[in-house]
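As structure tokens, the structure follows; a few thoughts come after it.
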Amino acid sequence: MNIKPNRSERRLPWQVLLLTGIAAAAVEVHADEAASRPVATRHQLMKECMAKEKASNAGLTKEQMKKNCSDVTETELENAKADKKRDDQTNGAPRT
């Protein structure tokens with residue numbers, strides 16, 4: 001007794017493979033998008049810091065706030081570069 005499988009039983013493996021491939025591609029695209037998020041520019045960081053300094057009303061002069069924000073901005077940019085370098089090495093991305 002040789003019983004032939006019906007059409008839906010023969011297509012099932014192809015459907016599973018297709019869905020698996022789509023899911024894998026979606027995960028990879030999501031990972032690429034997360035890795036390529038832009039880092040805030042020095043100007044943006046300074047602007048945000050100055051706004052925070054003004055809001056705190058610490059009684060500092062504009063020059064003192066600017067110096068503080070410059071130091072904070074430099075540190076944030078260095079940390080962002082270090083994080084990016086670490087992520088690139090962890091993910092096996094080529095160095096640029």
Self-check item: Contacts of Lys52 that satisfy salt bridge (charged side-chain N to carboxylate O under 4.0 Å, His left out) - sequence neighbours left out
Solution: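 Result, salt bridge (charged side-chain N to carboxylate O under 4.0 Å, His left out) vs Lys52: none returned.
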
Quiz item: With sequence neighbours left out, what residues match Glu74 under salt bridge (charged side-chain N to carboxylate O under 4.0 Å, His left out)?
Solution: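 Here the qualifying residues are Arg42.
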
Quiz item: In the hydrophobic clustering that connects Ile, Leu, Val, Met, Phe, Trp and Tyr at side-chain heavy-atom distances below 4.5 Å, which members other than Met65 occupy its cluster, ordered by chain and number?
Solution: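 ILVMFWY cluster around Met65 also holds Met50, Leu60.
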
Quiz item: What's in the same ILVMFWY side-chain cluster as Met46, cut-off under 4.5 Å, chained through other members?
Solution: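 Members besides Met46: none; it forms no cluster.
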
With [X], which residues qualify under side chain to side chain donor-acceptor pair (under 3.5 Å), at least two apart?
X     : value
Thr61 : Gln64
Asp83 : Arg86
Glu48 : none
Asp71 : Lys67

Exercise. May I have all residue pairs that pass disulfide bond (SG atoms under 2.5 Å apart) and include part of residues 53-82, sequence neighbours excluded?
Key: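 Matches after skipping sequence neighbours: Cys49-Cys69.
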
Practice problem: Sequence neighbours left out, what pairs pass salt bridge (charged side-chain N to carboxylate O under 4.0 Å, His left out) with at least one residue falling in residues 55-66? | Solution: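 Matches after skipping sequence neighbours: none remain.
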
Self-check item: Smallest separation among heavy atoms of Gln44 and Ala40, with atom names
Solution: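 Smallest heavy-atom distance, with atoms named: OE1-CA, 3.2 Å.
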
